[in-house]
Every structure is written in structure tokens, then in C-alpha cells.
Amino acid sequence: MFEKLAAHFDEAKQLLLRGVIRLAPAQEYGVVTPLAQVVSPSMPVFIVGDDSYQAYAPIAESPPPALRFGSSDSICLQQFTEQTSLALEELAPALASSSVAMESIIAHALYHQQECHSLTEAANRALLSMISGIPDDTRQQLNANQGYVLPILMAASSWRLHQGPGDIEAVGGNGHEFGIRLRGSSRWLTCQADPPVGPRFSGKHNEPVLGAIGDSAVIDFCGLGGQSLDASPELVMLWKSQLPTNWRNRRDALVDASTGVVSARRIADTGLMPLVHLAMVGAGPEAGILGRGFYQPDPGLFTALKHQQTRG
């Protein structure tokens, strides 16, 4: 509908079901996209990287209802179109004259006890403080949308996985399967994508939750998110009754100190699964966000990897 290939939701759905519109894994194209959001040909994207490699991520819409939560509410398209215009007309010129250093944004967020995935308000403030030349009303609007920075953090993490010396190059889920792609391989190793767990929002207790979806797991596999949970006591309190008892071990056990990212070999050797912070997206026809929680991949994914390494 954004590309004007369909006039309404039912028509768009039929185009997908008939294969007229083809979906493909975003990370195969250097793109990372949050939750259920897709990236289509004319959507503007943020670019994060250096002279040798760039990663891309879409513009974040307003808070829910929103496309990234799987909502088909007509207001989502309107809001996304408005955010697209704002990004092209106001942010693009400002960023063209002065790029933003992501490392300092991440350091600022961690200092303020936010792990850069479920909690992004501090990172969002830091981002906006580094962009000059945008109108005050635009700055206020983006400051109120705490998740605006999230896709940009995802692109930074994807860039790091791609360029770093670690053994995992891509990671994410599509609601049905969750997988990793090892460095130098074109094949995804996958397992069933179970739903994230966590406290539900009021009135959302009986609705089914979609399996782990989106590319934002790149953040957690870069040592942030679930591997920096001890930096965010607010989340520990929120999830304390549901977290695994050994949640504190994740960073020391799974993150390679020399690369700063989660190591597939360490997962296979320890049997500990990374924690991936994810919004809980509804699996029903109305979709939408039901809560925020965390996901742990099926250990079988990494058991198979250990056997593969042993044979190698």
C-alpha cells in the first residue's frame, strides 16, 4: 500500500498470498528491520557504517499502533508516510552535513542503565542531541518517540556482526523460524521460533503471541540487550519472576571479549542460550503489541552447530 501497488489491505494480502509480491530475508540485502515491518523499494533508510561496508534500517514510525507490530490499522500507513517525509525533508539534510558516532550513543545509554534494545530512551536523546539544524517541533516529536533510535542501533549492530571477526554474521526470526548465519556461509541454521515471554499489557492476557520475529536480535548478539541485562535494573525487576536463574552469566559466558559479540562456539560449548529482548507481537488477525519480554533460542540449534564443528 505504501508503494501504491494495492489500494486496501485485503488486496495487498492477496498479492502476497499469490506470490505477486515476494518477501525475502532483509539481512540478505544488508538491511535490518524491526519485528513485523518490511522494507520496500522506495522507503528511505538510515545508513550506518564506514567506507568498506554499510548497513541499512528503515524509519521508525510512531508508537503503536504501528506497522512493526503487525497492525493493519489504516493510521499506520498515514503515520509512516508522515515519518518518511520528515526524515527526507528534515533529517536527511542535517545528517548529510554531520554524521553521528554510534559508539558514543551506546555508551551514553549504558551509562544511564539502558541496554539499547527494550530500553532506548537514553539512546534516543543522545541521538537527537547530536543532530543540529532540525526544527524544535520535530525534535520534540522525535524525542517523544523513544523507539525512533532502535532501527539505527540495529543497523550499527548488523554492521558490527558483518565487519567483526566473530563467527556469527547474521541473526533473526520471521515469526516461524529463528536462525543464525555463520561467517562465510550462505545457509541459515534455524530452529522453531517460540514466542517471547514476559508480562503482558493490561487487557492483553489471553491473546496468542507470535514466535520471535524481526532482525533486532543483532543487538543482543552484539553484547547489548539480553547480554547487558545487568546494566538495566528496571528490566530485571520487570522480568524477575520469569528470567532464568543464571541470567547474569550470559555476558561472561557467551560474549567473546576480543570481539565484543556473542560467539556461536561459546554457546555450543556452554549450553547457555543468549537472551534476546523482543516485543511480544500478537499472532491473531488484529496483531499489535501485547507486551515486552525476552526470547531464548532452542538449544538444538547450537547442539547441531557443535556436532557440525566436531565433524569439521
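Every value quoted in this text rests on a predicted model; they were computed, and no experiment measured them.
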When rounded to the nearest 0.5 angstrom, what distance separates [atom1] in [X] from [atom2] in [Y]?
| X | Y | atom1 | atom2 | answer |
| --- | --- | --- | --- | --- |
| I59 | T84 | CD1 | OG1 | 6.5 Å |
| C116 | L150 | SG | CG | 9.5 Å |
| Q227 | R251 | CD | CZ | 8.0 Å |

Is [Y] close to [X] at the side-chain level, that is, under 4.5 Å between some pair of heavy atoms?
| X | Y | value |
| --- | --- | --- |
| Q113 | L119 | no |
| P165 | R183 | no |
| P25 | Q27 | no |

Side chains of residues 61-73: which donor-acceptor partners sit under 3.5 Å, not counting sequence neighbours?
from	atom 1	to	atom 2	distance (Å)
E61	OE1	R68	N	3.4
E61	OE1	R68	NH1	3.3
E61	OE2	L67	N	2.3
R68	NH1	S62	O	3.2
R68	NH2	S62	O	3.4
S71	OG	D73	N	3.2
D73	OD1	I75	N	2.9

Examine distances only and state if a side-chain atom of [X] and a backbone atom of [Y] form a donor-acceptor pair shorter than 3.5 Å.
| X | Y | result |
| --- | --- | --- |
| N124 | N145 | yes |
| S158 | M154 | no |
| D230 | R248 | no |
| Q114 | A122 | yes |
| R160 | V218 | no |

List the atom of [X], the atom of [Y], and the distance in Å for their closest heavy-atom pair.
| X | Y | answer |
| --- | --- | --- |
| G172 | W188 | N-CZ3, 4.0 Å |
| L15 | A6 | CD1-CB, 4.0 Å |
| S52 | Q163 | OG-NE2, 3.0 Å |
| P297 | P274 | CD-O, 3.4 Å |

Item checked: Ionic contact status for R181 with E28, cut-off 4.0 Å -> yes
Next item on the list: List, by chain and then residue number, the residues other than M237 in its hydrophobic cluster (Ile/Leu/Val/Met/Phe/Trp/Tyr, side-chain heavy atoms under 4.5 Å); write none if there are no others.
Entry: none
Check: Would one find more than 12 heavy atoms of other residues, nucleotides or ligands at under 6.0 Å from atom CG of N246?
Finding: yes
Checklist line | Donor on one side chain, acceptor on other, E115 and S232, under 3.5 Å | finding: no
Item checked: salt bridge (charged side-chain N to carboxylate O under 4.0 Å, His left out) pairs, two or more places apart, involving residues 3-23 -> none
Margin query: Listing request: all salt bridge (charged side-chain N to carboxylate O under 4.0 Å, His left out) pairs with a residue in residues 288-299, at least two apart in sequence or in separate chains.
Written below: E234-R292
Check: Do you know which of L229, L238, L235 makes side-chain contact (heavy atoms from CB on, under 4.5 Å) with L243?
Finding: L229
Note to self: Taking side-chain contact (heavy atoms from CB on, under 4.5 Å) as the criterion, tell me which of L127, L142, L128 meets it with V149.
What the structure shows: L127
Notebook entry, point to check: What residues, two or more places apart in sequence or in another chain, satisfy ring pair (Phe, Tyr, Trp, His ring centres under 6.0 Å) together with W247?
Noted result: none
Checklist line | Residues Q83, Q79; criterion side-chain hydrogen bond (donor to acceptor under 3.5 Å, both in side chains); working and verdict | finding: CA-CA 6 Å; Q83 289 296 334; Q79 291 177 160; over 6 Å; no
Donor-acceptor pairs are to be reported for all side-chain atoms of residues 95-111 against protein atoms at under 3.5 Å, with residues two or more places apart or in another chain.
from	atom 1	to	atom 2	distance (Å)
S97	OG	A94	O	2.9
S104	OG	A101	O	2.9

